[in-house]
Amino acid sequence: MRVDRFLSNLPRFNRQQVRLLLAERRVSVDGLAVSDPHHEVREFSRVCVDDEEVQAGKPARYFMLHKPQGCVSATSDPQHPTVLDLLDEMDKDELHIAGRLDFNTTGLMLITNDGQWSRRLTQPTTKLPKIYLVETQEPIGPEYATTFAAGLYFAFEDLTTRPAVLDVVGPTTARLSIVEGRYHQVKRMFGHFNNKVIALHRERMGPLVLDAELAPGQYRALTDEEIRQV
Ligand code: URA
């Protein structure tokens, strides 16, 4: 396998980082500094980055789950079922959730063992929209969209939320697009208007849309195309 592919298959490096590592001659194969991305890595080659040996990891895994209500976005919980309990997979302790949802929030949940990939999806800097269908107790006023677009101050974190787009689809129903995932963010945004969120469903994260074939509690592996899109 080419050394650039070997390195970018590891969860810790993306392709751009691998190009840089090679250009800076920080990679060695069997003790020899390597800058050629085509350099061949064999099964028993010793590959090092900055003198640290890197192991060919287990293959990256990516799943899309339709999270049902009443389960926790955590890898373990003493009281309640977790989203990982819904997966019939090996070595579940290696998997993590890319973007948690509250206990009663439903919808798209992505689960992987690839940390680089999940960071790209969730970091506010990559500006990938997360789209939620929101149902509220009280009618949604015309002033909400302007306030959400301007950003809301969250005193606890001492930050202003990034501009969000609200598309009102009914008196108490709207689609909200946000690029970050602060703690209870959507509920707190509507809470600013003393309007309680009574149902919340994540439809989309960046390019990935919840598969309509998946009933709540069901999941499937992502396709290669879906993985590449992030
Ligand atoms: N915002 C919330 O308030 N809850 C969620 O589960 C997701 C986003």
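Side chains included, hydrogens not; waters and symmetry mates left out as well; all remaining heavy atoms used.
- Here the shortest heavy-atom pairing between Cys71 and Thr82 reads CB-C, 4.4 Å.
- For the atom pair Met109 CE and Leu214 CG, the distance stands at 13.5 Å (nearest 0.5 Å).
- The two residues Thr106 and Pro68 make their nearest non-hydrogen contact at CG2-C, 4.0 Å.
- A distance of 8.5 Å separates NZ of Lys130 from CZ of Arg202, quoted to the nearest 0.5 Å.
- Of the candidates Arg25, Arg26, Glu24, Ser35 forms a side-chain hydrogen bond (donor to acceptor under 3.5 Å, both in side chains) with just one, namely Arg25.
- Shortest non-hydrogen contact noted between Thr112 and Ser118 is CG2-CB, 3.9 Å.
- Pairing each heavy atom of Gln123 with each of Thr126, the nearest pair is O-OG1, 2.8 Å.
- Scanning all heavy atoms of the two residues, the minimum distance from Arg100 to Ala74 falls at NH1-CA, 3.6 Å.
- Taking CG from Leu222 and CG from Asp114, the interatomic distance works out to 11.0 Å, rounded to the nearest 0.5 Å.
- The pair Glu94-Arg61 meets the salt-bridge criterion, with a side-chain N (NZ, NE, NH1 or NH2) lying under 4.0 Å from an Asp/Glu carboxylate O.
- There is no path of hydrophobic side-chain contacts, each under 4.5 Å, that joins Val179 to Phe148.
- Considering only heavy atoms from C-beta on, Phe190 comes within 4.5 Å of Leu176 through its side chain.
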### Task
Apply the test side-chain contact (heavy atoms from CB on, under 4.5 Å) to residues Thr173 and Leu133: give CA-CA distance (whole Å), side-chain angles for both, the deciding distance (0.1 Å), then the verdict.
CA-CA 7 Å; Thr173 314; Leu133 189 63; 4.1 Å; yes
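- Looking only at distances, a side-chain donor or acceptor of Arg120 sits under 3.5 Å from a matching main-chain atom of Val230.
- Side-chain contact check for Tyr62 and Asn113: no donor-acceptor pair (N or O, by modelled atom type) lies under 3.5 Å.
- Formation of a donor-acceptor pair under 3.5 Å by the Asn195 side chain with backbone atoms of Glu138 is found in this model.
- For Asp51, the CG atom sits in a loose shell: 12 or fewer heavy atoms of surrounding residues, nucleotides or ligands are nearer than 6.0 Å.
- Atom CZ of Arg175 and atom NE2 of His201 lie 9.0 Å apart (nearest 0.5 Å).
- Under the 30°/60° scheme for interplanar angles, the aromatic rings of Tyr219 and Phe63 are found to stand perpendicular.
- For the residue pair His192 and Thr147, no side-chain donor N or O sits within less than 3.5 Å of a side-chain acceptor on the partner.
- For Tyr183, the OH atom sits in a loose shell: 12 or fewer heavy atoms of surrounding residues, nucleotides or ligands are nearer than 6.0 Å.
- In the hydrophobic clustering of this structure, Leu128 groups with Met205; members are Ile, Leu, Val, Met, Phe, Trp, Tyr whose side-chain heavy atoms approach within less than 4.5 Å, directly or through other members.
- Side chain of Gln17 to main chain of Asn14: a donor-acceptor pair is present (N/O by atom type, distance under 3.5 Å, no hydrogens or angles).
- Across every non-hydrogen atom of Val29 and Ser45, the tightest pair is CG1-CB, 4.0 Å.
- A 4.5 Å side-chain heavy-atom check between His66 and Glu213 finds every atom pair outside the cut-off.
- Distance alone, capped at 3.5 Å, places no donor-acceptor pair between the Glu135 side chain and the Leu200 backbone.
- The closest side-chain heavy-atom distance from Thr161 to Ile178 is not below 4.5 Å.
- Not one N or O on the side chain of Lys92 forms a donor-acceptor pair closer than 3.5 Å with the backbone of Thr75.
- Two different hydrophobic clusters hold Val83 and Leu210 under the rule that ILVMFWY side chains link at heavy-atom gaps under 4.5 Å.
- Counting heavy-atom neighbours within 6.0 Å of Asp50 CG, excluding the residue itself, gives a total above 12.
- Rounding to the nearest 0.5 angstrom, the gap separating the OG1 atom in Thr172 from the CD1 atom in Ile140 is 6.5 Å.
- Within a 6.0 Å sphere centred on CZ of Phe156, heavy atoms belonging to other residues, nucleotides or ligands number 12 at most.
- Thr122 contributes no side-chain N or O that, together with a main-chain N or O of Ala98, makes up a donor-acceptor pair within less than 3.5 Å.
- Phe103 and Ile111 are assigned to two separate hydrophobic clusters, defined by single-linkage of ILVMFWY side chains at heavy-atom distances under 4.5 Å.
- At least one side-chain heavy atom of Pro37 sits under 4.5 Å from a side-chain heavy atom of Arg2.
- Side chains of Ser8 and Arg15: no donor on one and acceptor on the other come within 3.5 Å.
- Within a 6.0 Å sphere centred on CZ of Arg5, heavy atoms belonging to other residues, nucleotides or ligands number 12 at most.
- Between the NZ atom in Lys187 and the NZ atom in Lys196 there is a gap of 9.0 Å [rounded to 0.5 Å].
- In this structure, Gln229 contributes its side chain and Leu208 its backbone to no donor-acceptor pair below 3.5 Å.
- The cationic atom of Arg188 (NZ for Lys, CZ for Arg) lies less than 6.0 Å from the six-membered ring centre of Phe154 and within 45° of the ring axis.
- Hydrophobic clustering, with ILVMFWY side chains joined whenever heavy atoms are under 4.5 angstrom apart, groups Val134 together with Leu166.
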